[in-house]
Amino acid sequence: MYELGPGILPNSICVPLTATAKAKELYFYPVLCGHYYCDSAYAVSRSSYPNPLLMFLRSGSMTLRYDGTAYHAEKGDIIAIDCDRPHSYCADGEVEFFYLHFDGSNSHALVYAIAADSPILRREENVLVGQRMYDMVQDYKRYGLGSEAGDSMRIYQLLTWLSLPANNPARSSDPIHQTVEYIRKHVGENITLKELADMAHLSACHYSHEFKRQTGFSPLEYVINTRLEKAKMLLLQTTLSVTDIAYEVGYESGGSLSNLFIKKTGCSPRAYRRSNGIAIR
C-alpha cells in the first residue's frame, strides 16, 4: 500500500498510462485515470495542467473553482474542464469519484464546447459516462492500455455522449432516440429487432444501420449493454441475488447473466460485488 496524497483514502486506485507515439499523433488517448475515495482533506489546486479532465461524482459533493468562478458539484454530476486555466477542487466531506485525464486529437476544443455553459454537467447521459469511466479504470488497472484505436473510441464515446444536446425536443422526436429510450425503460423484457424497427417505421436493415450510425452499437449490442449496466447497478445498490437480478434484466437464469458478465467484464457478478467492497451472504 502506498500514499496517493492527503485526503485520499485506502482502496483508492490511480492508474498512470503512457500512450504510444502513434496514439498521440492520430487519436484520443488516456493519460491518467482513477477511482478515489476521499475525505474533507482532499484538495487539488493548480495554475494549469496539460490534459483535460472528466470526473464523475459517485457520492458526496465537491467545490470547484475554475477560471475565477466557484461551482458546486453533487452526486451524479460530471466535472469537465480543460485544465489550461487556474483551477482547484476539493471534497466537501466524504466523496467517491472516477476521473480521467486524456488528450489527443481535438480533445481540448471538445471539452471547451461541452463545458461552454458550465463545467458542471447534469444530464441523463451521466450514468452511462460514469459506468464507462468505472469500466475503463478497472480495465486499465488489470490490463494496461489496449489498442490505440480502441482506447480512442472509448474516450470519443464519452465525449460524444456529453456533446449531445440536453433535453432537445428534436432529439426526443427522433425515432432512433425513441427506441433507445424504449430499450432503457423495458430492459427486462424480450425486445426484438422487428419490434424496434416497426416502432421507428423503418425496415430492419435500415433501422440497424441508422441505429449503429447514431449510437455506435448494433441494436442487439445496445440491449445487451443496457442489461449489463442495469445489472451492475442492482449488484451495487441492492441485496438481490444474482438469479433475481437476471430476471430483472431479461435473462431466464443466473447462469445466463453470469456468462454475460464474465464475457464482458472478465469476472462473475459475485466477484464484481466483492471488488466494490460489497459482501452479500
Side-chain angles (χ1 to χ4, degrees), residues 11 13 15 30 33 35 56 58 98 100 125-147 149-158 161 176 179-197 199 204-205 207-209 211-212 214-281:
N11 299 323
I13 300 170
V15 186
C33 64
H35 179 182
F56 174 79
R58 198 174 191 184
F98 312 127
L100 172 68
E125 289 82 6
N126 283 15
V127 173
L128 294 176
V129 172
Q131 185 59 62
R132 288 294 188 271
M133 290 177 69
Y134 172 83
D135 291 340
M136 290 170 75
V137 173
Q138 294 297 318
D139 287 348
Y140 290 139
K141 176 189 175 187
R142 293 173 185 167
Y143 311 116
L145 291 171
S147 68
D151 291 328
S152 180
M153 183 175 68
R154 298 176 93 172
I155 296 171
Y156 183 73
Q157 186 179 60
L158 299 182
W161 278 330
I176 300 301
T179 60
V180 166
E181 290 298 302
Y182 180 84
I183 291 169
R184 302 197 69 79
K185 290 178 180 177
H186 299 82
V187 65
E189 301 174 14
N190 181 31
I191 301 173
T192 66
L193 175 60
K194 183 180 185 306
E195 177 185 8
L196 295 171
M199 191 181 303
C205 181
Y207 172 75
S208 296
H209 175 79
F211 191 97
K212 187 160 188 176
Q214 290 195 28
T215 69
F217 299 100
S218 71
L220 177 59
E221 287 173 331
Y222 195 88
V223 169
I224 291 172
N225 288 340
T226 303
R227 287 176 170 176
L228 184 64
E229 288 162 7
K230 183 172 181 180
K232 286 179 176 179
M233 286 190 287
L234 291 173
L235 286 165
L236 297 178
Q237 298 174 8
T238 75
T239 59
L240 290 173
S241 68
V242 172
T243 298
D244 287 341
I245 291 174
Y247 295 152
E248 285 284 326
V249 300
Y251 291 102
E252 296 182 353
S253 69
S256 298
L257 178 60
S258 294
N259 289 338
L260 172 68
F261 236 86
I262 292 169
K263 180 180 179 181
K264 291 287 189 177
T265 71
C267 68
S268 69
R270 291 182 178 83
Y272 180 80
R273 260 180 170 156
R274 288 195 299 271
S275 71
N276 284 273
I278 299 171
I280 305 295
R281 295 184 177 181

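- Taken from CD1 in I245 to CG in L235, the straight-line distance is 4.0 Å, to the nearest 0.5 Å.
- With sequence neighbours excluded, no residue forms a side chain to side chain donor-acceptor pair (under 3.5 Å) with Y156.
- The ring pair (Phe, Tyr, Trp, His ring centres under 6.0 Å) test applied to Y251 returns no partner, not counting sequence neighbours.
- The distance from the CG atom of L228 to the CE atom of M233 is 10.0 Å, given to the nearest 0.5 Å.
- One finds the CZ atom of R273 at 12.5 Å from the SG atom of C267 (value rounded to the nearest 0.5 Å).
- Applying the ring pair (Phe, Tyr, Trp, His ring centres under 6.0 Å) criterion to Y140, with sequence neighbours excluded, gives no partner residue.
- Residues meeting the ring pair (Phe, Tyr, Trp, His ring centres under 6.0 Å) test with Y182, sequence neighbours left out: H186.
- One distance of note links OG of S218 with CG of N225; it measures 8.5 Å at 0.5 Å rounding.
- Atom OG1 of T179 sits about 3.0 Å away from atom OH of Y207, to the nearest 0.5 Å.
- A 4.5 Å side-chain heavy-atom check between Q157 and F217 finds at least one atom pair inside the cut-off.
- L257 and V242 get closest at one heavy-atom pair: CD2-O, 3.9 Å.
- Heavy atoms only, all atoms of each residue included: A204 and A197 are closest at CA-CB, 3.8 Å.
- Ring pair Y272/F261 is perpendicular by interplanar angle, where above 60° counts as perpendicular and below 30° as parallel.
- For the side chain to side chain donor-acceptor pair (under 3.5 Å) test, no residue two or more places apart in sequence or in another chain qualifies with E189.
- Interatomic distance, E195 CD to M199 CE, rounded to the nearest 0.5 Å: 5.0 Å.
- Shortest non-hydrogen contact noted between A231 and V249 is N-CG1, 3.8 Å.
- With sequence neighbours excluded, no residue forms a ring pair (Phe, Tyr, Trp, His ring centres under 6.0 Å) with H209.
- Shown here are the salt bridge (charged side-chain N to carboxylate O under 4.0 Å, His left out) partners of K230, two or more places apart in sequence or in another chain: there are none.
- K194 meets the salt bridge (charged side-chain N to carboxylate O under 4.0 Å, His left out) test with D198; sequence neighbours excluded.
- Contact annotation: the side chain of M136 approaches that of I155 to within less than 4.5 Å [non-hydrogen atoms, C-beta and beyond].
- Applying the side chain to side chain donor-acceptor pair (under 3.5 Å) test to D244 and every residue at least two apart in sequence or in another chain returns S241.
- Heavy-atom minimum distance, I183 versus I191: CA-CD1, 4.0 Å.
- Applying the side chain to side chain donor-acceptor pair (under 3.5 Å) criterion to D139, with sequence neighbours excluded, gives R154.
- For residues 246-259, the set of pairs meeting the salt bridge (Lys or Arg N to Asp or Glu O under 4.0 Å) definition, not counting sequence neighbours, is empty.
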Quiz item: Passes side chain to side chain contact (heavy atoms under 4.5 Å, CB included), T265 versus K232? Steps please.
Solution: CA-CA 11 Å; T265 71; K232 286 179 176 179; 3.9 Å; yes

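- Nearest heavy-atom pair, L145 versus P30, reported as atom, atom and distance to 0.1 Å: CD2-CG, 3.5 Å.
- The two residues K264 and I224 have their closest heavy-atom pair at CE-CG2, 4.0 Å.
- Annotation: side chain of F211 is in contact with side chain of V180 (closest heavy-atom distance under 4.5 Å).
- Residues passing the salt bridge (charged side-chain N to carboxylate O under 4.0 Å, His left out) test with E229 are R132, R184, sequence neighbours excluded.
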